[in-house]
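Each remark here refers to the structure printed beneath this line.
So you know, we letter chains A, B, ... as the sequences are listed, proteins then strands, and number each from 1.
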Number of protein chains: 2
Amino acid sequence: MTTTTQRRKVTPTASCIEPDRSTPVAEAPDDDTLALMAKALAHPARVRIIRVLDERTTCVTGDVVLELGLAQSTVSEHLRILREAGLIQGEIEGPRTRYCVNATGLAALKAGIVAL
Amino acid sequence: MTTTTQRRKVTPTASCIEPDRSTPVAEAPDDDTLALMAKALAHPARVRIIRVLDERTTCVTGDVVLELGLAQSTVSEHLRILREAGLIQGEIEGPRTRYCVNATGLAALKAGIVAL
DNA sequence: TAGTTTCATCGCTGTTCGACGATTACCGAT
DNA sequence: ATCGGTAATCGTCGAACAGCGATGAAACTA
């Protein structure tokens, strides 16, 4: 066993305290990237997470777990997928992780879809 | 073996001869539908197909096969997925099938994504 | 009628996903 | 140093996906 460092891998891209609700200009991504982003949204739970993060200001993992009614590990997995697709971003806040929508990534997705 | 009717199941929704390039108004779909549409786009080949259908006017299955460089059966499968998601539509034209973008379905997808 | 073209479907294989419980790591407090 | 809370990761299992060759159904053609 490699005993790789667990947890603490949220790659804090930007702050979630003051979520950026503006829609930045974004270029339409290429086919592969667009497909990757679409795949991140290709599950009702993950679409739901995006909405929850957009409506709430709390957006801590535990809140999302309660909101979705899925197992904590399952939600954490969905959050990871969305995070790696660049659609949300996480920020470590003491013992918990605060998530919010990644406006830049989401804008890129929108640009790519609208350009179809 | 049930010997189900093979082929001839393209459900001609509308004509592909005169592709409707206007963007109809569409309501944002619910989470499940949006996830389903996103899943249909969650593969580079299928994103590619949408583009090919949008650029070309030919849009027969064989053309898409040549364009993608995948096996005919594989492409046919991708076309089925896009068709069942309501993003494209097929029309039987003699021995071949003519495909084109389903403007209504695509508009619904765009509306759903932009509303996020 | 027989032969050809076109394309959807079937059967198969290997890969990836989705969900969960269990585990582990990190943090803050006792 | 230990404990409690929080959340990411691991391991597992069944289901779904992605690709392809082979088969078969239509619809033309000769």
Side-chain angles (χ1 to χ4, degrees), chain A residues 1-12 16 31-32 35-36 38-49 53 58-85 88-99, chain B residues 1-12 16 31-32 35-36 38-49 53 58-85 88-99:
Chain A
M1 191 67 68
T2 41
T3 319
T4 49
T5 317
Q6 288 204 28
R7 194 144 139 68
R8 310 297 92 168
K9 269 202 62 183
V10 187
T11 55
C16 292
D31 291 3
D32 284 19
L36 234 48
K39 184 185 286 191
L41 272 189
H43 194 291
R46 295 199 284 268
V47 174
R48 190 107 195 289
I49 289 177
L53 292 190
T58 26
C59 49
V60 175
T61 304
D63 298 330
V64 184
V65 172
L66 290 181
E67 194 80 40
L68 296 199
L70 292 172
Q72 179 266 320
S73 56
T74 304
V75 172
S76 185
E77 183 71 1
H78 284 310
L79 288 170
R80 182 188 62 79
I81 291 170
L82 286 169
R83 175 159 33 86
E84 291 185 351
I88 69 173
Q89 57 199 200
E91 183 187 13
I92 301 169
E93 188 178 90
R96 64 199 77 191
T97 310
R98 180 170 303 275
Y99 281 98
Chain B
M1 189 65 69
T2 41
T3 318
T4 49
T5 317
Q6 286 205 29
R7 196 142 140 66
R8 310 299 90 167
K9 269 202 61 184
V10 187
T11 56
C16 291
D31 291 4
D32 284 20
L36 234 48
K39 184 184 287 190
L41 273 188
H43 195 291
R46 296 199 284 268
V47 174
R48 191 105 194 290
I49 288 177
L53 292 190
T58 27
C59 49
V60 175
T61 304
D63 297 331
V64 184
V65 172
L66 290 181
E67 195 80 39
L68 295 200
L70 292 173
Q72 179 265 321
S73 56
T74 304
V75 172
S76 184
E77 183 72 1
H78 284 310
L79 288 170
R80 183 187 63 80
I81 291 169
L82 286 170
R83 175 158 33 85
E84 291 186 350
I88 68 174
Q89 57 200 197
E91 182 187 13
I92 301 168
E93 192 181 74
R96 62 200 76 188
T97 311
R98 179 169 304 275
Y99 281 97

Set out, in order, the CA-CA distance, both residues' side-chain angles and the distance that settles side-chain contact (heavy atoms from CB on, under 4.5 Å) for A:Leu79 and A:Tyr99, then state yes or no.
CA-CA 9 Å; A:Leu79 288 170; A:Tyr99 281 98; 3.7 Å; yes

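- One interatomic measurement links the two molecules: CD of B:Glu67 to C1' of C:dC7, which rounds to 18 Å at whole-angstrom precision.
- The distance between atom CZ of B:Arg80 and atom P of D:dG19, rounded to the nearest whole Å, is 13 Å.
- Atom OG1 of A:Thr61 sits about 10.5 Å away from atom CD of A:Glu93, to the nearest 0.5 Å.
- Within the structure, a side-chain polar atom (N or O) of B:Thr97 is placed less than 4.0 Å from OP1 or OP2 of C:dA8.
- Across the protein-nucleic acid pair, A:Leu79 atom CG and C:dG18 atom P stand 14 Å apart, rounded to whole Å.
- The CG atom of B:Leu53 sits 8.0 Å away from the CG atom of B:Leu82 when rounded to the nearest 0.5 Å.
- B:Arg80 and B:Glu77 are joined by a salt bridge, as a carboxylate oxygen and a charged side-chain nitrogen come within less than 4.0 angstrom of each other.
- With sequence neighbours excluded, no residue forms a side chain to side chain donor-acceptor pair (under 3.5 Å) with A:His43.
- Residues from residues 70-77 of chain B placing a heavy atom under 4.0 Å of any atom in DNA chain D, listed by number, are B:Leu70, B:Ala71, B:Ser73, B:Thr74.
- OP1 and OP2 of C:dC17 both lie 4.0 Å or more from every side-chain N or O belonging to A:His78.
- Side chain of B:Arg96, nearest nucleotide from C:dC7, C:dG18, C:dG28: C:dC7.
- A distance-only check finds a donor-acceptor pair linking the side chain of A:Arg46 to the backbone of A:Lys39 [under 3.5 Å].
- Residues of residues 38-48 of chain A that place a heavy atom closer than 4.0 Å to DNA chain C, in numerical order, are A:Lys39, A:His43, A:Arg46.
- The CG-P distance, from B:Leu68 to D:dG19, rounds to 10 Å in whole Å.
- To the nearest 0.5 Å, atoms CG (B:Leu41) and CD1 (B:Ile81) are separated by 11.0 Å.
- Remark: A:Arg48 CZ to B:Asp32 CG distance equals 10.5 Å, nearest 0.5 Å.
- Distance, A:Ile92 CD1 to D:dA7 C1': 10 Å, rounded to whole Å.
- B:Ile88 places its CD1 atom 13 Å from the C1' atom of C:dA8, with the value rounded to the nearest Å.
- Summarising the geometry, the separation between CD on A:Glu93 and P on D:dA8 is reported as 13 Å, rounded to the nearest angstrom.
- Protein atom CD1 of A:Ile49 is 13 Å distant from nucleotide atom C1' of C:dA19, rounded to whole Å.
- Within the structure, a side-chain polar atom (N or O) of B:Tyr99 is placed less than 4.0 Å from OP1 or OP2 of C:dA8.
- Within the model, atoms CG of B:Asp63 and CG of B:Leu68 stand 11.0 Å from one another, a figure rounded to the nearest 0.5 Å.
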